[in-house]
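Shown next, in structure tokens, is the structure this report addresses.
Along the sequence shown, residues are numbered consecutively beginning with 1.
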Amino acid sequence: ALDILASRTGVEALRHIAEAARTLTGARYAAMGVLDSSGHNFSELIMAGSPDEHSDWEESLPGPRAEAPGVLQMLLQRASPLRLEVPFENQIETFLGVPIRAPHQALGAFYITQKEGGASFSSADEAAVQTLARHAAVAIHNLHLVEQQHELMNDLISAQEEERRAVAYDLHDGLTQFIMAAHMHLEEFSHAQENNKPERAQQELRLGLKLLEEGVLESRRLISGLRALALDDLGLAGALEQLLGEEKQRANWTHAEFNCDIGEQRFARDVETGVFRIAQEALTNARKYAHATRVAVSLKLQNDQLLLEVRDWGRGFDLGTQQLHRRGVGLRGMAERAYLLDGKCEVESTSGEGTLVRAILPVSFGECSE
């Protein structure tokens, strides 16, 4: 078993372990059912032995993603092996089942039948397969970790693509529109000057300059969205307060409250960046969708954890309806950022009553470093 695990990975290793169980017990057929990470359904059914010799037995086994019936389901609920001798067509069919378990979780089971020579499976057979089951448990646990990593990587890639689309959308419908509109007004200013219309010229110049000012603000927001430059200069508390002020100006909120008890204390760079990005996404959602006049941001240090809350008293939404669709990428991004920092991010919202985003992140003290 150690040699198998050292030289092979994933399903290939489990297949060789199943073959080792068949060989060690002198059985004609062996199979290993591998539960998925939910612990309810089979993700793999690995067989060892000739299909011609176990066609009936194979049909009785659960296939991939099918729930284990009868004796197999019972075996998954056991902590100890099971040996059976079952009369079948004027002969005795022998069966050995050995659960594969982590300390508090079923991971799968060995199903071994038809010992050569018609003999019964022995306690020595049990001991041999139990040893293999312990090694198989390690391999299955690692397989689950790889599956979870692949799933997380796919989610992160999807989130990154959505972020790129969001930046392109902001450039097209934000900064580009301000620049194009300012260009048109400045052209009209030039025409009015040429045609000796000073009042019209001054009006077009004012409009053009105002749009350019809006463009400058928009460009700063986009740059901040790509990299939290304020974190380097102002620290986490100062950067959040500045962010809230900028969003208040853009959204015309009447009240924007900021409560913070960390002072100038600094934390690990990835933690500070995570807190800032979650707050940034929550405030962006509030500005775009909440139609609120009052927003509050709170940051507190409690028991070596940073507690961030972003609340608005706006229109809110129903978490179970399609109103969530437009916000889905942002909400998923906040949750993934928190998860990658061993924290969590939760959203509470009720239609007509507003939204609360709450993130809890464990902290590491020290100066931020590049």
Side-chain angles (χ1 to χ4, degrees), residues 1-51 53-55 57-58 60-86 92-148:
L2 291 173
D3 179 63
I4 290 168
L5 291 177
S7 59
R8 299 178 178 87
T9 59
V11 175
E12 182 185 6
L14 295 175
R15 185 176 294 112
H16 283 275
I17 290 176
E19 178 61 35
R22 187 188 72 83
T23 303
L24 287 172
T25 58
R28 295 171 63 188
Y29 173 67
M32 183 194 302
V34 179
L35 290 172
D36 61 20
S37 55
S38 72
H40 296 100
N41 303 314
F42 280 99
S43 60
E44 298 287 345
L45 183 62
I46 298 165
M47 301 179 182
S50 170
E53 296 174 353
H54 56 73
S55 57
W57 172 244
E58 183 178 347
S60 72
L61 286 171
R65 294 172 297 283
E67 291 193 6
V71 66
L72 306 181
Q73 183 67 42
M74 179 182 66
L75 184 59
L76 293 174
Q77 297 170 357
R78 291 173 60 95
S80 58
L82 175 66
R83 281 186 279 165
L84 296 175
E85 295 181 0
V86 182
I92 299 296
E93 290 284 351
T94 54
F95 170 83
L96 170 61
V98 176
I100 303 171
R101 300 185 62 85
H104 305 291
Q105 179 187 8
L107 299 175
F110 281 105
Y111 316 118
I112 303 170
T113 189
Q114 297 181 16
K115 189 175 178 68
E116 295 288 355
S120 299
F121 289 106
S122 65
S123 58
D125 294 326
E126 275 189 21
V129 179
Q130 280 183 295
T131 300
L132 288 173
R134 287 192 288 272
H135 293 289
V138 174
I140 293 171
H141 177 68
N142 291 337
L143 192 64
H144 288 169
L145 290 178
V146 170
E147 291 171 353
Q148 291 169 7

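Here the closest heavy-atom approach between residue Ala18 and residue Met32 is recorded as N-CE, 4.0 Å. Contact between Ala133 and Val98 at its shortest, heavy atoms only, is CB-CG1, 4.1 Å. Looking at every heavy atom in both residues, Ala30 comes nearest to Arg22 through CB-CB, 3.6 Å. Nearest heavy atoms, Leu107 versus Ala137: CD1-O, 3.6 Å. Taking every heavy atom of both residues into account, Ala27 and Ile112 meet most closely at CB-CG2, 3.3 Å. Considering every non-hydrogen atom in both Gly33 and Leu45, the closest pair reads CA-CD1, 4.0 Å.
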For this session: Please test Val138 against Arg134 for side chain to side chain contact (heavy atoms under 4.5 Å, CB included), starting from the C-alpha separation and ending with a verdict.
Result: CA-CA 7 Å; Val138 174; Arg134 287 192 288 272; over 6 Å; no
For this session: Take Glu12 and Arg15 through the salt bridge (charged side-chain N to carboxylate O under 4.0 Å, His left out) test and state the conclusion after the steps.
Result: CA-CA 5 Å; Glu12 182 185 6; Arg15 185 176 294 112; over 6 Å; no
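A distance of 11.0 Å separates CE in Met47 from OH in Tyr111, rounded to the nearest 0.5 Å. For the atom pair CG (Leu143) and CG (Asp36), the distance works out to 10.5 Å, reported to the nearest 0.5 Å. Rounded to the nearest 0.5 Å, atoms CG (Leu14) and CD (Glu44) are 8.0 Å apart. Summarising the geometry, atom CD1 belonging to Ile46 is positioned 12.0 Å from atom CD belonging to Glu19; distances are rounded to the nearest 0.5 Å.
Partners of Glu126 by side-chain hydrogen bond (donor to acceptor under 3.5 Å, both in side chains), not counting sequence neighbours, listed by chain and number: Arg83.
Put simply, the side chain of Phe110 reaches to within 4.5 Å of the side chain of Ile100, judged on heavy atoms.
Exactly one of Thr25, Asp125, Thr94 qualifies for a side chain to side chain donor-acceptor pair (under 3.5 Å) with Lys115. That residue is Asp125.
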